[in-house]
Amino acid sequence: MKIANPIYDTVFKYLMEYERIARTILSALLKKDVVAVEIRPHEYTNYNHL
């Protein structure tokens with residue numbers, strides 16, 4: 001059985017962009033009540049060099 005790595009999974013990354021959905025998924029994975037998450041960008045595009 002193959003399990004996708006959630007760090008590189010496009011759908012997982014898309015869902016983590018929304019705080020409410022991220023709290024729900026993380027609560028289910030951690031089996032704890034997640035009350036707040038801080039969404040921070042993790043990929044940057046630098047157009048200043050063009």
Side-chain angles (χ1 to χ4, degrees):
M1 173 170 63
K2 292 184 180 183
I3 300 173
N5 185 340
I7 294 173
Y8 300 106
D9 185 31
T10 305
V11 175
F12 185 81
K13 288 168 72 175
Y14 175 78
L15 291 173
M16 291 295 109
E17 292 177 0
Y18 300 96
E19 183 188 1
R20 184 179 59 86
I21 297 171
R23 279 195 331 256
T24 303
I25 292 173
L26 293 173
S27 291
L29 290 173
L30 299 172
K31 297 183 181 172
K32 297 195 180 266
D33 186 25
V34 176
V35 293
V37 294
E38 181 180 335
I39 309 297
R40 294 190 291 172
H42 57 280
E43 295 177 359
Y44 301 97
T45 305
N46 186 358
Y47 291 109
N48 294 331
H49 71 281
L50 297 176

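As the structure is a prediction and not an experimental result, all values here were calculated from the model.
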Qualifying ring pair (Phe, Tyr, Trp, His ring centres under 6.0 Å) pairs, either residue in residues 20-39, two or more places apart: none
Distance-only criterion, 3.5 Å: show the donor-acceptor pairs between side-chain atoms of residues 27-35 and protein atoms not counting sequence neighbours.
from : atom 1 : to  : atom 2 : distance (Å)
S27  : OG     : R23 : O      : 2.8
S27  : OG     : K32 : O      : 3.4
S27  : OG     : V34 : N      : 3.1

Value rounded to 0.5 Å, distance of CG in L26 from CE in M16: 5.0 Å
Point-to-point distance, once rounded to the nearest 0.5 Å, from OH of Y18 to CD1 of I25: 12.0 Å
